[in-house]
Amino acid sequence: MYKASLTKLHKEMRRCQRCLEAGYPITPGAIFSGGPSARVMVVGQAPGVREKETGLPFSGPAGKRLFSWLTEAGFEEEEFRAVQYITAITKCYPGKGRSRGDRVPTAEERKLCAPFLVRELDILRPQLTIPVGRVAINHFLGRGRLADLIGNVFERDGRLVLPLPHPSGANL
Ligand code: SF4
């Protein structure tokens, strides 16, 4: 049941072009990984250019740093990727920003993509959610001083939330 719902959702996510149709310069093709048995869900901001090329979330230098933190917490990368779930607030590559780095998805794009995250959470019901970086942390915990939030565990809607800084150092 879970598996069928998740497969259907993934098909919809991969086909989705809502942001492109709304005029945003994204590269369509949702990037995420993981299956129905996941108990931990990592939620980033949006895929980067490296992820666009590999189709694998957190596969660039920021991912290396993230997985070094997760390894310290007892999650080895290969096993984590095989078992757990990785997604993002907006699931398509947003394109380059005006200055260095990738564009931060707008509030409208986040709104357009939000129903997918709601469905991912409904289907998987992860025991632990790890929002990574300001945009994802704000989504789960509201606005607050990141220094007061990062590294602490919170309970929201019956699930545990452990916010982490963005491993790229951007949008900390
Ligand atoms: S970011 Fe989300 S809402 Fe926007 S096109 Fe991609 S999957 Fe669709």
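Each residue takes its place number in the sequence, starting with 1. All ligand and atom numbering here is 1-based and tracks the order in the structure.
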For this session: May I ask whether E109 places a heavy atom under 4.0 Å from ligand 1?
Result: no
Exercise. Looking only at protein heavy atoms, which one is nearest to atom 6 (Fe) of ligand 1, and how far off is it?
Worked result: C92 SG, 2.3 Å
Exercise. Relative to the ring of F32, is the ring of Y85 parallel (under 30°), tilted (30 to 60°) or perpendicular (over 60°)?
Worked result: parallel
Exercise. Identify the closest protein heavy atom to atom 8 (Fe) of ligand 1: which residue and atom is it, and at what distance?
Worked result: C16 SG, 2.3 Å
Exercise. Checking E51 side chain against G48 main chain: does a donor-acceptor pair fall under 3.5 Å?
Worked result: yes
For this session: Identify, by atom number and element, the atoms of ligand 1 in contact range of L112, meaning under 4.0 Å from any of its heavy atoms.
Result: 3 (S)
For this session: Ignoring hydrogens and angles, state whether a donor on the side chain of T90 or E109 is under 3.5 Å from an acceptor on the partner side chain.
Result: no
Exercise. Is there a side-chain contact between E120 and L117 (heavy atoms, below 4.5 Å)?
Worked result: yes
Problem set entry | Per-residue contact class, Y24 against ligand 1 - non-hydrogen pairs under 4.0 Å | neither
Seminar exercise, completed: The answer for which part of I26 has a heavy atom under 4.0 Å from ligand 1 is side chain
Problem set entry | Which residue and heavy atom of the protein sit nearest atom 2 (Fe) of ligand 1, plus the separation | C113 SG, 2.3 Å
For this session: Using a 4.5 Å cut-off on heavy atoms from C-beta on, say whether the side chain of F58 contacts that of V132.
Result: yes
Problem set entry | Criterion side-chain contact (heavy atoms from CB on, under 4.5 Å) against P126, the qualifying member of V40, L121, V42 | L121
Problem set entry | Top protein contact for atom 4 (Fe) of ligand 1, by heavy-atom distance | C19 SG, 2.3 Å
